[in-house]
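First the structure, then my questions, so here it is.
Below, read A as the first sequence line, B as the second, and so on, with proteins coming before strands; counting in each chain starts at 1.
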Protein chains: 2
Amino acid sequence: MVDNKLIDVTFKKYGLRKTSFRKNLFELFHNSLNSLSAKEISLRFSTSADKVSIYRALDSFEKSGLIHKVPDKNNLLRYSLCKSECTPNQHAHDHAHFLCSVCDETFCLDDFTLPSTKSHNGFLINDLKIIMEGTCVSCKSI
Amino acid sequence: MVDNKLIDVTFKKYGLRKTSFRKNLFELFHNSLNSLSAKEISLRFSTSADKVSIYRALDSFEKSGLIHKVPDKNNLLRYSLCKSECTPNQHAHDHAHFLCSVCDETFCLDDFTLPSTKSHNGFLINDLKIIMEGTCVSCKSI
DNA sequence: ATATTAAACGCAACAAAATTGCGTTATAAA
DNA sequence: TTTATAACGCAATTTTGTTGCGTTTAATAT
Ligand SMILES: [Mn+2]
Ligand SMILES: [Mn+2]
Ligand SMILES: [Zn+2]
Ligand SMILES: [Zn+2]
């Protein structure tokens, strides 16, 4: 459960309307350790949520800076909560993503240091992403 | 145009059958600086190629070690030619990819040093990819 | 050269993921 | 309370990729 105060503050900050569906969706992201796809979101809702509403909410959350796209092993749209620094104007995702070959989940590795190079052989680098594949902590111990 | 000798050598090396379609597909990859999606491939063929053949050829090329998947902004299947060291048993893609925001081309930056970390916080890392976005050399000077 | 074998092809059907259109409902602000 | 508009929900559609199956083609053996 997420307390109402946090929802108020968050939705205010990101300029989002507090509909019951979007509040539930935010809770889902907040309580979930790793990223979510539209299908996973759908499955976790007791009251069946319309997929169009899911996609549109995800899109809106992303534009606002609340969530960001993460890579997915099967090329699905998949999202994770942003750090609190993100806004519609500044999505700063300075962390690596890890795709588990076993469970197919995507994890954000917040403390993996990225190369900070801003140019290379004349190429101007505005954004640098790292995508790792391997075995995640839980799958390793099975 | 790609000389027949190269096709012979390449197809032999990767254990691929020399069908006219697959020879053309190889030429396409060989003559193209950037990566290719199924749709882009389809559009560049004069004689309309069946999409199933395209997907199956891409799959077969990938398994053989001739091409490898490249991340795509719109979650499409997208491929690039491998370095000549690749085989079905050893796909070694130890280079970064650069996507130019201006001209949309993909460049392989062979000499960009990748982090060599093999594990992080209990996650076992088998493969690490770097995708950069920015402005390429030619677009910078326009 | 010819026969044999298996991969590749082409077409239709299918499936999953995501998008669009539109009338209705709920929210925020006046 | 009224009003403007964002969000919702349902149907239809598009896009991307897959599966099945009979036919063709290429590599190999004879
Ligand atoms: Mn992330
Ligand atoms: Mn490459
Ligand atoms: Zn896992
Ligand atoms: Zn460019």
* Give the angle between the helix axes at the two ends of the helix from C:dA1-D:dT30 to C:dA30-D:dT1, taking five base pairs at each end and rounding to 10°. => 40°

* Verify the cluster assignment for B:Leu114 and A:Leu109: are they in a single hydrophobic cluster under the rule of side-chain heavy atoms below 4.5 Å apart? => yes

Scan nucleotides 28-30 of chain C against the protein and return all N/O pairs shorter than 3.5 Å with their distances rounded to 0.1 Å.
residue, atom, partner, partner atom, Å
C:dA28, OP1, A:Lys18, N, 3.1

* For A:Asn4, what residues pass the side-chain contact (heavy atoms from CB on, under 4.5 Å) criterion, not counting sequence neighbours? -> A:Ile7

* Who pairs with A:Phe61 by ring-ring contact (aromatic ring centres under 6.0 Å, His included), at least two apart in sequence or on another chain? -> none

* Asked: Can you list every salt bridge (charged side-chain N to carboxylate O under 4.0 Å, His left out) pair that touches residues 36-56 of chain B, not counting sequence neighbours?
  -> B:Glu40-B:Arg78

* With a non-hydrogen cut-off below 4.0 angstrom, is B:Lys51 in contact with a base, only sugar-phosphate, or nothing? -> base

* To do: Give B:Arg56 one of three labels, base, sugar-phosphate or nothing, depending on what nucleic acid heavy atoms sit under 4.0 Å from its own.
  => base

* Residues forming a side chain to side chain donor-acceptor pair (under 3.5 Å) with B:Asp110, sequence neighbours excluded -> B:Lys83

* Positional range of nucleotides in DNA chain D within the contact set of chain B, heavy-atom, under 4.0 Å -> D:dT16 to D:dA27

* Please state whether the phosphate of C:dA18, meaning OP1 or OP2, lies under 4.0 angstrom from any side-chain nitrogen or oxygen of A:Tyr55. => yes

* **Between C:dT19 (C1') and B:Asn74 (CG): distance, integer Å** => 13 Å

Which atom pairs, donor and acceptor, lie under 3.5 Å between side-chain atoms of residues 18-26 of chain A and protein residues at least two apart or in another chain?
residue, atom, partner, partner atom, Å
A:Lys18, NZ, A:Asp8, OD1, 2.9
A:Thr19, OG1, A:Arg22, N, 3.2
A:Arg22, NH1, A:Ser60, OG, 3.0
A:Asn24, ND2, A:Ser20, O, 3.3

* Considering heavy-atom distances to DNA chain D, does B:Leu77 or A:Phe21 have its closest nucleotide positioned more toward the 5' end? -> A:Phe21

* **Shared hydrophobic cluster for B:Val9 and B:Ile67 (ILVMFWY, side-chain gaps under 4.5 Å)** => no

* Asked: When you match B:Asp50 and B:Gly15 each to their closest nucleotide on DNA chain C, which lands nearer the 5' end?
  -> B:Gly15

* Asked: In chain order, what residues pass the side-chain contact (heavy atoms from CB on, under 4.5 Å) check against A:Thr117, with sequence neighbours excluded?
  -> A:Pro115, A:Ile125, B:Phe112

* **For B:Leu124, all residues meeting side-chain contact (heavy atoms from CB on, under 4.5 Å), sequence neighbours excluded** => A:Thr135, A:Lys140, B:Ser119

* Qualifying residues under side chain to side chain donor-acceptor pair (under 3.5 Å), relative to A:Lys63, sequence neighbours excluded -> A:Asp59

* By side-chain contact (heavy atoms from CB on, under 4.5 Å) - contacts of B:Lys69 (at least two apart) -> B:Glu62, B:Leu77, B:Tyr79

